[in-house]
Amino acid sequence: MKIFIDTANLDMIKEINSWGILDGVTTNPSLVAKENTDTPTHVKEIAKILGDRPVSAEVMALDADGMIAEGKKLAAIAPNVNVKLPMCIESLKATKALSSEGIAVNMTLIFDPLQALMAAKAGARFVSPFIGRLDDIGTHGVDMLSETVQIIHQYGFDTEIIAASIRHPTHVLDAAEMGCDIATIPYDILKKMVAHPKTEEGIAKFKADYEKVNGPGQ
Ligand code: E4P
């Protein structure tokens, strides 16, 4: 499974990039707003760090022509920038137009497998089902993701599914178990995915045993 980070924070992106596990970045207007810079400049910085790995940047227009115009501007920032569109009829039209010009679209705010199917049909390169926000309203987000994976994979669309709105490591585990293509994960959850108390305990014991015979190690 590919691992993306869900943030616009440059320090977090650089840190996770240094781990050697990062396959891409997703941003959204709320995440970029936290960084207090203008979107194009910021997206350019992120795209530079990522090299040829994908970075999603979201349009604000809500009509197809506006989405296409804004999407082209975002895609022109760097070759690895893809255009995030919020799921609706207008964005289906814009997806068709942008993808037929070779511009990759990430259809976001997906809460139903049929929305993902429609986005894939229109040519979306990525679809982003939001798990956590469904959990927030008492619906099993993971079930929706699982149905989406089953449908999109069984028809062999050239569309990758990004498990989004991830709230805890178990969401990532569920996504990996069901064969979801990508998970976009917040920084604090990526850190939790590395830590385990038994690992810490094991490291401390090995160190103590080594030092009993060899004296203080490095
Ligand atoms: C995905 O691309 C979105 O940026 C993100 O996963 C939204 O998650 P949230 O529900 O935590 O805001």
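Whatever order the structure lists them in is the order used to number ligands and atoms, beginning at 1.
- A salt bridge links Glu201 and Lys198; the closest N-O separation between the charged side-chain nitrogens and carboxylate oxygens is under 4.0 Å.
- By the 3.5 Å distance cut-off applied to N or O atoms, Thr27 is not counted among the residues near ligand 1.
- In the vicinity of Thr26, heavy-atom distances shorter than 4.0 Å reach the ligand 1 atoms 2 (O).
- Here the side chain of Thr148 pairs a donor or acceptor atom with the backbone of Met144 at under 3.5 angstrom.
- Here the protein heavy atom with the shortest distance to atom 5 (C) of ligand 1 is Asp6 OD2, 2.8 Å.
- Scanning all protein heavy atoms for the shortest distance to atom 11 (O) of ligand 1 gives Arg167 NH1, 2.9 Å.
- Residue-environment remark: CE (Met118) stays at or below the threshold of 12 foreign heavy atoms within 6.0 Å.
- The protein atom (non-hydrogen) at minimum distance from atom 7 (C) of ligand 1 is Phe130 CE2, 3.5 Å.
- Among Ile131, Ile3, Ile166, the one residue that satisfies the side-chain contact (heavy atoms from CB on, under 4.5 Å) test with Val172 is Ile166.
- Scanning the protein heavy atoms around atom 1 (C) of ligand 1, the nearest turns out to be Lys84 NZ, 3.4 Å.
- Following chains of ILVMFWY side-chain contacts shorter than 4.5 Å, one cannot reach Val142 starting from Leu109, and the two form parts of different hydrophobic clusters.
- Among Pro186, Pro29, Ser165, the residue whose heavy atom sits closest to atom 6 (O) of ligand 1 is Ser165.
- When side chains are defined from C-beta on, Asn106 counts as touching Thr26, because their heavy atoms get closer than 4.5 Å.
- For Lys191 and Asp188, the salt-bridge test fails: no basic side-chain N is under 4.0 Å from an acidic carboxylate O.
- Distances below 4.0 Å separate heavy atoms of Ala164 from the following atoms of ligand 1: 1 (C), 6 (O).
- For the pair Arg133 and ligand 1, the shortest N or O to N or O distance falls below 3.5 Å.
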